[in-house]
Amino acid sequence: MTLRIGNASGFYGDRFDAMREMLTGGELDVLTGDYLAELTMLILGRDRLKDPGAGYARTFLRQLEECLGLAHERGVRIVTNAGGLNPAGLADAVRRLADRLGIPVRVAHVAGDDLTAAHPGSLAAHAYLGGFGITQCLRAGADVVVTGRVTDAALVTGPAAAHFGWSETEYDRLAGAVVAGHVLECGAQATGGNYAFFRDGDARRPGFPLAELHEDGSCVITKHPGTGGFVDIGTVTAQLLYETAGARYAGPDVTARLDTVRLSQDGPDRVRIEGVRGEAPPPTLKVGLNRLGGFRNEVVLVLTGLDIEAKAALVREQLEPALGKIADVRWELARTDRPDAPTEETASALLRLVVRDPDQGAVGRALSGAAVELALASYPGFHMLAPPGKGSPYGVFEDVYVPHGSVDHVAVLHEGRRIPVPPAHDTAVLDAVPQPSLPRPPEPGPTRRAPLGLVAGARSGDKGGNANVGVWARTDDAWRWLAHELTADRFRELIPESRELTVVRHVLPNLRALNFVVEGILGAGVAAQHRFDPQAKALGEWLRSRHLEIPEALL
């Protein structure tokens, strides 16, 4: 017995046509859509300040207007976290849409994640719920299930537990579904999108992934026939490492052991995942807190031609008197210029100034006035990409943890009946896994200085103020070298931003992978825009571009 679960959205703003493509491209039992991220919750919180009836992903409704009839005809159930901060409001909107279209569907939603009232000063505070609220909705006959802040993998574990009749303590099966859900949650990232070795296949328009899930928790990751992109061990490995840390991948239903995952190619565009072990979940639930941190502004000054460093020094000296009272001031010079350049753009460098302060006026008029007044009185060729504005609010994200029993997890059925979802039956404190033995190092031989990316892939992402960089080798020989060469200290050498930060290395031999967690590199999280790449999306590609001595046998 196989359950075919597809994904049609990896974030709020993903490809609009994906829902129709997934419904018409092949067989499905369940179609999921992941619309939420840390930044999305802040955006929806600001929406709700303007309109208390808002707070959900409106794009989902527009997609459903085109596709609800298709899903009903094909018997495909839809499970989505597009409810955001207002799952009840979205569920009601879906019911009104179904009535208007004359489509007889039962719509349920999951409630209980909103803890904003218990956290004064937060714009949005939401617990990451597990999948068993979704399970209850589906077991009661729902055709569409809307949730708020559940874990991304819950969109798969909930339907799987409903379909196969799993209990809350069947941890190995649940862990297998968590791994499948983690692979699916970011959509096309599992089918060649954002992939280090994108030239291995046609990555121009990747199709969206699906999992053929089995009763024992194993699965095959694939995609509909004829869709773009590709699925291989590398694309699945990359997504498995994305936004994770150590061997224990904790969730509210189960802790999945990523060090037990076994991958094998099961045919073209088919990767089998099996062997996943699970453990009782930790005793607490993660709560994501979003609050407004103050106001920020920025100006990007263009420096062209000769004397780039001196021009940057001049304008900094001119602007700094106006910046003296601002709480946080950051300058960054990006040397994008080339000598004897054939175009003005390639002869230019960018000097970026970012300011933050609790007072909007301090980063608004004070900065814009000082910058504009230099138009005829600074370095030769003075101009900006755009004049600074009045200053915009920025957000701060942080995690807190609460006991399972402190959250009223509830499945709200189509007719309004409410089914409480009990907290985890058993829990276990989340301890680190002992570091596994490393493979035998390669024999000494000639080396050549070359980019790391010639022998290793990487994918990186954000978790609050931390970033993770997953690095994997594609062959056993490359793994033997990588495991010994790329230590935490070597990582700090290659990524200078991390030299004063805590860098933790996790070893995952089954995946031939290392996972690095860089603590604090993103400041207060993506919404604070602490650095040039605020979600660390390209941190892994920067690492792959760095040169080190690599055995010639691997090149």
Side-chain angles (χ1 to χ4, degrees), residues 1-10 18-19 22-23 26-36 60 64 67-68 71-72 74-83 87 91 94 105-110 128-168 170-187 190 208-222 251-254 256 273 276 278 409 411-414 419 421:
M1 184 166 56
T2 300
L3 178 67
R4 292 174 62 88
I5 303 181
N7 170 283
S9 176
M19 185 180 290
M22 290 301 290
L23 288 169
E27 291 185 20
L28 279 182
D29 300 303
V30 177
L31 183 60
T32 67
D34 181 5
Y35 292 78
L36 300 185
F60 172 74
L64 210 59
C67 297
L68 186 59
H72 179 65
R74 289 162 170 75
V76 178
R77 289 172 154 183
I78 295 175
V79 179
T80 180
N81 61 16
V94 173
V105 296
R106 290 161 293 190
V107 183
H109 74 274
V110 176
Y128 288 71
L129 302 180
F132 279 97
I134 297 169
T135 301
Q136 294 286 7
C137 293
L138 293 172
R139 285 175 177 169
D143 303 297
V144 178
V145 180
V146 173
T147 77
R149 180 69 279 185
V150 297
T151 65
D152 300 337
L155 301 177
V156 171
T157 60
H163 183 79
F164 296 116
W166 294 340
S167 73
E168 289 82 353
E170 293 189 71
Y171 296 131
D172 289 348
R173 290 175 167 85
L174 289 168
V178 163
V179 168
H182 181 58
V183 174
L184 295 188
E185 69 185 52
C186 289
F208 276 65
L210 64 93
E212 297 173 355
L213 203 62
H214 306 298
E215 195 275 337
D216 65 354
S218 66
C219 72
V220 171
I221 303 297
T222 184
D253 297 321
V254 63
I273 302 178
V276 186
H409 190 179
V412 184
L413 306 185
H414 180 72
I419 302 178
V421 179

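For clarity, every value in this text was computed on a predicted model and none was experimentally measured.
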Looking at every non-hydrogen atom in both residues, tell me the closest pair between Gly6 and Met22 and how far apart they are. CA-CE, 3.9 Å
Shortest non-hydrogen separation from Ala82 to Tyr35 and the atoms involved: CB-CD1, 3.6 Å
Got a second to check how far Ile134's CD1 is from His109's NE2, nearest 0.5 Å? 12.5 Å
Pairwise side-chain contact, Pro252 with Leu129, heavy-atom cut-off 4.5 Å (strictly under): no
If you take all heavy atoms of Ala411 and Gly133, which pair is closest and at what distance? CB-O, 3.6 Å
Hey, does Pro87 have a side-chain heavy atom less than 4.5 Å from the side chain of Thr147? no
Under the 3.5 angstrom rule, does the side chain of Arg74 hit a backbone N or O of Leu28 as a donor-acceptor pair? no
Could you tell me whether the side chain of Val421 reaches within less than 4.5 Å of the side chain of Val110, counting heavy atoms only? no
Student check: side-chain heavy atoms of Asp253 and Trp166 closer than 4.5 Å: no
Going by heavy atoms in the side chains, are Val183 and Pro209 under 4.5 Å from each other? no
Say whether, by atom type as modelled, one donor and one acceptor occur between the side chain of Glu170 and the main chain of Ser167 under 3.5 angstrom. yes
Rounded to the nearest 0.5 Å, what's the gap from CG on Asp152 to CG on Asn81? Could you check? 6.5 Å
Taking NZ, NE, NH1 and NH2 as the nitrogens, is one of them in Asp29 or Arg4 under 4.0 Å from a carboxylate oxygen of the other? no
Do Thr2 and His214 have side-chain heavy atoms sitting under 4.5 Å apart? yes
Does Arg77 form a side-chain contact (heavy atoms from CB on, under 4.5 Å) with Val145? I'd like the steps, not just the answer. CA-CA 8 Å; Arg77 289 172 154 183; Val145 180; over 6 Å; no
Rounded to the nearest 0.5 Å, what's the gap from CD1 on Ile273 to OG on Ser218? Could you check? 9.5 Å
Gly278 backbone acceptor or donor facing Asp172 side chain under 3.5 Å: yes
Check Thr222, Val30, Leu31 against Leu210 for a side-chain contact (heavy atoms from CB on, under 4.5 Å) and give me the one that passes. Thr222
List the steps and the verdict of side-chain contact (heavy atoms from CB on, under 4.5 Å) for Leu64 and Ile78. CA-CA 10 Å; Leu64 210 59; Ile78 295 175; 3.6 Å; yes
With heavy-atom distances below 4.5 Å as the criterion, would you say the side chains of Glu168 and Phe132 are in contact? yes
Is a donor on one side and an acceptor on the other found under 3.5 Å between the side chain of Thr135 and the backbone of Gly158? yes
Do you know the tightest heavy-atom contact between Val156 and Ala180? CG1-CB, 4.4 Å
Nearest non-hydrogen partners of Val79 and Pro159, listed with the distance: CG2-CG, 4.1 Å
Heavy-atom side-chain proximity of Asp143 to His72 below 4.5 angstrom: no
d(Met19 CE, Thr80 OG1) to nearest 0.5 Å is 7.0 Å
Reported CE-to-CG distance for the pair Met1 and Leu213, which is rounded to 0.5 angstrom: 10.5 Å
Is there a donor-acceptor contact under 3.5 Å from the side chain of Ser9 to the main chain of Asp34? yes
Could you report the tightest heavy-atom contact between Tyr128 and Val150, atom names first, then the distance? CD2-O, 4.4 Å
Test item: His414 side-chain N/O and Ala108 main-chain N/O as donor-acceptor pair under 3.5 Å: no
